Amino acid sequence: MENGKLLKSGEFLVTETEPKDIFIPEEFNEEQRMIAQTCHDFLEAEVYPKMADLEKGDRELMKGILKKAGELGLMGVSVPEEFGGFGQSFVTQMLVAETTGAGYSFSVAYMAHCGIGTLPILYYGNKDQRQRYVTKLATGELLGAYCLTEPGAGSDANSGKTNAKLSEDGKHYILNGQKMWITNAGFADTQVVFAKIDNDRVLSAFIVERTMSGVVIGPDEHKMGIKGSSTAQIYYNDVKVPVENLLGKRGEGFRVALSILHMGRLKLGANVLGAAKKAITDSVKYANERKQFGVLISTFGAIKHKLAGQVIRLFASESAVYRVSRDIDSMMEKLKVDCGDTGRASIEAISHYAVEAAILKVFGSEMLDFVSDEAVQIHGGMGYSAEMDVERGYRDSRINRIFEGTNEINRLLVVDTAMKRAMKGEFELFGKAETLYNDLNKITSGVVAGEDYFSEKTRYIINFKKAILICIHGAVKHFEKNLINEQEVLNNIADMMMETYVSESLLLRVKKLETLKGNIAVYKDILDVNIYDTAEVIRKSGCDAVNSFASQDDAPAITGAIENLSKVQGLNVKEARRRIAGKLIEDNCYKY
Ligand SMILES: Cc1cc2nc3c(=O)[nH]c(=O)nc-3n(C[C@H](O)[C@H](O)[C@H](O)COP(=O)(O)OP(=O)(O)OC[C@H]3O[C@@H](n4cnc5c(N)ncnc54)[C@H](O)[C@@H]3O)c2cc1C
């Protein structure tokens with residue numbers, strides 16, 4: 001495997017990365033920490049005290065809080081200065097997404113506005129559209145929404161029926177149709193609406209104002225969670241949208257929609273970190289107060305196991321989030337030189353990292369579901385009480401696996417996109433996979449005598465990648481073009497890819513931390529348990545995949561190779577988890 005600095009999307013499967021080439025959260029500078037503190041203070045002052053009222057569905061209250069966030073400058077983080085924002089780096093944008101992620105349904109409303117509601121116009125709008133809309137969205141003077149989903153078009157987003165026809169005088173598009181599940185629908189001033197012009201096969205995008213005649217907003221949906229966020233249907237009845245409000249070119253809408261989804265997935269990956277940190281802090285505070293059998297419940301091994309499990313998955317997820325964020329910043333810099341337009345360079349760079357965006361979305365949303373579920377369990381009966389934040393966190397977490405493309409769709413994308421990029425020649429995958437597959441009997445776990453700590457962990461990651469390549473080659477060889485219909489096998493491979501990418505990011509972070517911090521013992525514990533668990537996913541998912549395509553004669557050699565490649569040293573996971581939980585219990589909050 002070669003060394004490389006800025007990897008292409010999916011290239012991590014065949015190329016090693018050095019710790020110096022990744023960004024880790026411990027490297028945030030003073031300004032970034034201040035921005036995060038401002039977001040945190042905002043939640044404390046403006047959001048948490050009003051949470052109960054927000055949950056009653058008070059649209060005006062949510063609107064007011066969003067406006068205040070705008071006044072404080074929190075809405076212009078992703079917008080360049082020339083359009084009224086602060087033009088922060090992608091790493092900083094992700095830090096803001098993370099910090100505000102602790103804001104329950106406020107966070108959903110805020111992210112929908114700043115992300116999918118604003119950025120399509122910044123990225124694809126012309127100068128006039130950016131001037132008319134983005135400058136006001138960046139300050140909160142206008143609030144935005146994004147309208148793609150329809151009753152009959154969810155995951156299959158391009159199948160929407162909303163239609164646009166050019167008026168006879170050529171001045172307007174006449175829009176008719178219906179959108180559903182639209183976040184911020186209740187108060188958004190602008191809507192990015194996707195519709196097909198005439199009988200086009202693909203979508204176009206339009207900027208629609210709520211005050212345009214014929215725009216009808218339905219009542220808010222009654223939802224399981226994020227109850228403070230307005231989600232409603234929007235109907236378009238002969239709405240006259242000026243031709244100047246066509247966003248991008250005719251037929252470019254599906255591309256706009258997909259690119260914005262990549263961005264949304266990345267930001268969701270950051271968002272869930274903030275929510276998880278809050279849930280972990282709530283968990284440990286409760287465990288350090290609640291006594292049963294005469295002692296604090298935080299002294300019980302079963303509770304320490306849960307606390308450590310929360311920390312491990314969060315810390316690993318966070319390592320991957322900031323690794324990707326820096327890659328995107330570097331890619332943006334490169335593309336800005338080529339195309340000269342910051343907005344376009346941003347979305348090109350974001351779209352480039354489609355594989356990693358899907359990984360962050362799936363891994364992060366499932367991490368948060370796990371963390372939130374354990375938070376409720378640690379609270380026992382109190383966790384089931386609507387008075388507790390962990391109860392709200394549990395309900396609010398669930399949506400993350402559904403929007404920004406369901407996790408089923410995103411799992412398919414992880415493998416499909418990586419393979420397509422490799423086929424296009426962006427990196428060499430299939431040749432390497434075939435070489436490994438042709439020599440299955442020679443594959444061992446590769447133990448080296450006297451191997452040091454990090455060399456051993458690096459070898460494990462390299463082995464996991466080899467196991468993935470073997471599964472890819474076997475599946476392609478067996479199913480050929482039909483592989484796309486073998487979703488179970490693709491899911492197995494996606495799980496292997498996701499866990500490996502996250503474990504590698506964690507390894508690189510801990511290696512880098514060794515040079516930044518003195519004592520990294522607890523981080524090594526986190527890494528040890530994580531890799532131990534990942535090895536099990538590689539073994540199980542790898543063997544499941546192989547047994548789904550290999551004949552009885554072929555299967556033993558292939559699964560034998562997977563078993564060898566997923567072998568890791570035995571570990572006293574009980575003690576490692578106790579030490580990880582020990583730090584959390586001592587700090588009485590998430591502080592890693
Ligand atoms: C609270 C909330 C807020 C939302 N906000 C917005 C918003 O602001 N703007 C917007 O445009 N949309 C929004 N959405 C819509 C959201 O993006 C969709 O709900 C989501 O894309 C899934 O579409 P669907 O609900 O039609 O489910 P479906 O597509 O019908 O999926 C149903 C199930 O089938 C699975 N499935 C579907 N296709 C496949 C396939 N090819 N292979 C395997 N499995 C498949 C799915 O994974 C899922 O498990 C929101 C939704 C909710 C609930």
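One is the number of the first residue; the rest follow in order along the sequence. Not measured: the values here are computed from a predicted model. Counting starts at 1 for both ligands and their atoms, following the listed order.
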Enquirer: For ligand 1, is there an atom lying under 4.0 Å from some heavy atom of Ile226?
Expert: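 Yes, Ile226 has heavy atoms under 4.0 Å from ligand 1.
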Enquirer: For the NZ atom on Lys196, are there more than 12 heavy atoms of other groups (residues, nucleotides or ligands in this structure) within a distance under 6.0 Å?
Expert: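 Yes, the 6.0 Å shell around NZ holds more than 12 heavy atoms from other groups.
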Enquirer: Return yes if some donor-acceptor pair links the side-chain N/O of Asn245 with the main-chain N/O of Ile207 below 3.5 Å, else return no.
Expert: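 Yes: the side chain of Asn245 pairs with the backbone of Ile207.
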Enquirer: Donor-acceptor pair, Lys68 side chain versus Gly64 backbone, under 3.5 Å?
Expert: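 No, Lys68 side chain to Gly64 backbone: no donor-acceptor pair under 3.5 Å.
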Enquirer: Between His40 and Thr99, is there a donor-acceptor pair closer than 3.5 Å when you use the side chain of the first and the backbone of the second?
Expert: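 Between the backbone of Thr99 and the side chain of His40 there is no qualifying donor-acceptor contact (under 3.5 Å).
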Enquirer: Which residue and atom name correspond to the protein heavy atom nearest atom 3 (C) of ligand 1, and how close is it?
Expert: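 I find the closest protein heavy atom is Thr183 OG1, 3.4 Å.
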Enquirer: Apply salt bridge (Lys or Arg N to Asp or Glu O under 4.0 Å) to Glu404 and list each qualifying residue two or more places apart in sequence or on a separate chain.
Expert: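 Partners of Glu404 under the salt bridge (Lys or Arg N to Asp or Glu O under 4.0 Å) test: none.
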Enquirer: Could you tell me whether atom 33 (C) of ligand 1 has at least one protein heavy atom nearer than 4.0 Å?
Expert: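 Given the 4.0 Å cut-off, atom 33 (C) of ligand 1 does not count as touching protein heavy atoms.
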Enquirer: Just by modelled atom types, is the Arg201 backbone N or O under 3.5 Å from a matching donor or acceptor in the Asn158 side chain?
Expert: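 At least one qualifying donor-acceptor pair exists.
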Enquirer: Side chain, backbone, both or neither: which part of Lys179 comes within less than 4.0 Å of ligand 1 when only heavy atoms are counted?
Expert: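 Contact part for Lys179 vs ligand 1: neither.
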Enquirer: For atom 30 (O) of ligand 1, is the nearest protein heavy atom under 4.0 Å away?
Expert: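 Answer no: nothing from the protein, no heavy atom, is under 4.0 Å.
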Enquirer: Pick whichever of Ile399, Asn184, Leu261 has a heavy atom sitting closest to atom 1 (C) of ligand 1.
Expert: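 It is Ile399 that holds the nearest heavy atom.
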Enquirer: Considering only protein heavy atoms, which is closest to atom 20 (C) of ligand 1, and at what distance to one decimal place?
Expert: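 Result: Ile402 O, 3.7 Å.
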Enquirer: With a 3.5 Å distance limit and no angle check, can you tell me whether Asp189 reaches the backbone of Leu143 through a side-chain donor-acceptor pair?
Expert: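 Indeed, once roles are kept as given, a pair shorter than 3.5 Å links the two residues.
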Enquirer: Just to confirm my output: which protein heavy-atom neighbour is closest to atom 6 (C) of ligand 1, and how far is it?
Expert: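 Here the nearest protein heavy atom works out to Trp181 O, 2.6 Å.
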Enquirer: Considering distance alone, does some N or O of Leu148 sit under 3.5 Å from an N or O of ligand 1?
Expert: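 Yes, at least one N or O pair falls under 3.5 Å.
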Enquirer: Please determine whether the number of non-hydrogen atoms from other residues, nucleotides or ligands lying under 6.0 Å from atom NZ of Lys165 exceeds 12.
Expert: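 Yes - once you tally the heavy atoms of other residues, nucleotides and ligands closer than 6.0 Å, there are more than 12.
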Enquirer: Has Tyr394 got more than 12 heavy atoms of other residues, nucleotides or ligands less than 6.0 Å from its OH?
Expert: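 12 or below, so no.
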Enquirer: Identify the protein heavy atom lying closest to atom 43 (C) of ligand 1, giving its residue, its atom name and the separation to 0.1 Å.
Expert: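 That would be Gln487 OE1, 3.2 Å.
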Enquirer: To the nearest 0.5 Å, what is the distance between CG on Leu266 and CD1 on Ile328?
Expert: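 Interatomic distance, Leu266 CG to Ile328 CD1, rounded to 0.5 Å: 4.5 Å.
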Enquirer: Which atoms of ligand 1 are found less than 4.0 Å from any heavy atom of Thr406?
Expert: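 Per the distance check, 22 (C), 46 (C), 47 (O).
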Enquirer: Any atoms of ligand 1 less than 4.0 Å from a non-hydrogen atom of Glu408? List them with their elements.
Expert: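 Going through ligand 1 atom by atom, the ones under 4.0 Å from Glu408 are 44 (N), 46 (C), 47 (O), 49 (O).
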Enquirer: Please say whether Tyr146 places an N or O atom under 3.5 Å from an N or O atom belonging to ligand 1.
Expert: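 In this structure, Tyr146 places an N or O atom under 3.5 Å from an N or O of ligand 1.
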Enquirer: As an exercise, identify every atom of ligand 1 less than 4.0 angstrom from a heavy atom of Ser155.
Expert: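 Numbered from 1, ligand 1 contributes 23 (O), 28 (P), 29 (O), 31 (O), 37 (C), 38 (N).
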Enquirer: If you count the atoms of ligand 1 from 1 in the order shown, which ones are under 4.0 Å from a heavy atom of Gly154?
Expert: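 Those atoms are 23 (O), 24 (P), 26 (O), 29 (O).
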Enquirer: Would you verify that at least one protein heavy atom lies under 4.0 Å from atom 9 (N) of ligand 1, or report that none does?
Expert: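 Looking at atom 9 (N) of ligand 1, one finds that a protein heavy atom does lie closer than 4.0 Å.
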Enquirer: Going by ring-ring contact (aromatic ring centres under 6.0 Å, His included), name the residues that satisfy it together with Tyr236, two or more places apart in sequence or in a different chain.
Expert: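 Tyr236: no ring-ring contact (aromatic ring centres under 6.0 Å, His included) contacts found.
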Enquirer: Does the N or O separation between Glu404 and ligand 1 drop below 3.5 Å for any pair?
Expert: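 No, no N or O pair falls under 3.5 Å.
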Enquirer: Counting only heavy atoms, which portion of Ile409 has something under 4.0 Å from ligand 1: side chain, backbone, both, or neither?
Expert: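 Answer for Ile409: side chain.
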Enquirer: Can you confirm if the aromatic rings of Phe194 and Tyr146 lie within a centre distance of less than 6.0 Å?
Expert: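 For Tyr146 and Phe194, the ring centres are under 6.0 Å apart.
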Enquirer: Check whether any N or O atom of Thr149, backbone or side chain, sits under 3.5 Å from an N or O atom of ligand 1, and answer yes or no.
Expert: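 Between Thr149 and ligand 1 (N or O atoms, distance only) the closest approach is under 3.5 Å.
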Enquirer: Is there a protein heavy atom less than 4.0 Å away from atom 13 (C) of ligand 1?
Expert: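 Yes.
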